[in-house]
Amino acid sequence: MRAMVIDKYGKVPMRLAEMPAPEMEDYEVLAEIHAASINPIDFKIRDGKVKLLLKYKMPLILGNDFSGVVVKAGAKVTRFQVGDEIYARPRKSKIGTFAEYIAVHEDDIALKPKNLTFEEAASIPLVGLTTYQAFADILQLEKGQKILIQAGAGGVGTFAIQLAKVMGATVATTASIAGTDLVKSLGADEIINYKTEKFEDMLKSYDAVFDTLGGESLEKSFDILKDGGKIVSVSGLPNARFAKEYGSGFFKTLLFSLATKKLTALEKKHNVQYTFLFMEPSGEQLRILANYIETGKIKPVIDKVFPFGDAQKAMEYAESGRAKGKIILKIK
Ligand SMILES: NC(=O)c1ccc[n+]([C@@H]2O[C@H](COP(=O)([O-])OP(=O)(O)OC[C@H]3O[C@@H](n4cnc5c(N)ncnc54)[C@H](OP(=O)(O)O)[C@@H]3O)[C@@H](O)[C@H]2O)c1
């Protein structure tokens, strides 16, 4: 099958390769991929930036979510059959959606929302699950609460604004002029132009922050929270609590603990909770998201669809960090 691969870590372009078709295990289905989305994790993996958390063998097919059709079901698969239209974020040990086929565990899959095209459906799994896990599992966001969503115009942000509104929250978000109309159309209540305004001077007594930026923005987020507030970050540093839950050994846990000393001090100073989230695959949660989508509560937001042959161009566009919504590869 055709696939986009890397042969080693580093800023080297992906190459189009002929790879063996994936081997399927009993609890897996073989899916023909119709579309995949590009996520920053793809170039972070390529660059070797997440080696402490994820280890891969080379050559590696990149790509972390997709939509497609089941063409074969393993002997122990009970919930899917040949012909089902599905979408998924495969488990982290079995990525590789920039390809014509993939074997995926049935627990990681859900039926594709019926009202979406394959390209639209491929835009959802990774950002949708990330946001759902941040809001429902960690923040336990409630009606009437106030949340700041950083980078509202991005792949994660465009989904997050919509889910926060579905959950009844009041949403402030940061965007440049180029993203303002988009975030407004998605329901953002307050829009902060991050190029000319400082969110930390404009917001106070917030219940929650969804941080997609890390660094200084994350540190400043502590200032806008009320006592007992919560921050969930997908771009900050993993702390010792995360490392323990993730099963990192003693040295990695110590490393993360030292690297996040400042965040731990800020947690104490402001009496708020900081959680680093590394999203997990979940077919069950994708079924919940499909329901929001089929009832029209959440819509896919797509910046651009690239043909498979232009996968490297699509990756470069994603790396520019300027996308408004999601970048999609059309594979079939
Ligand atoms: N830990 C996890 O499990 C997990 C899961 C998903 C994503 N992530 C991480 O979350 C981050 C965001 O992902 P994404 O897919 O949303 O990225 P993305 O789509 O590439 O984000 C691009 C958007 O960010 C906006 N932006 C850039 N700098 C900004 C700033 N300083 N303030 C406000 N907006 C800014 C840009 O707006 P303008 O062009 O208008 O400036 C653009 O619309 C990435 O670092 C990704 O790795 C982590």
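Atoms within each ligand, like the ligands themselves, are counted from 1 in listed order. It should be emphasised that the depicted structure is a prediction, and the values quoted were computed from it without experimental measurement.
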Below 4.0 Å from any atom of ligand 1, which residues have a heavy atom? Give them in chain and number order, please.
-> P40, K44, L126, T130, A151, A153, G154, G155, V156, T174, S176, Y194, T212, L213, V234, S235, L277, F278, M279, G321, R322, A323, K324

Less than 4.0 angstrom from a charged side-chain N to a carboxylate O is my criterion; do [X] and [Y] meet it?
| X | Y | result |
| --- | --- | --- |
| D107 | R79 | yes |
| E219 | K262 | yes |
| K112 | E294 | no |
| E100 | K332 | no |

Side-chain touch Q150/T173, heavy atoms, less than 4.5 angstrom | no

About how many Å separate CZ of F98 and CD of Q312, when rounded to the nearest 0.5 Å?
->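 Q312 atom CD to F98 atom CZ measures 10.0 Å (nearest 0.5 Å).
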
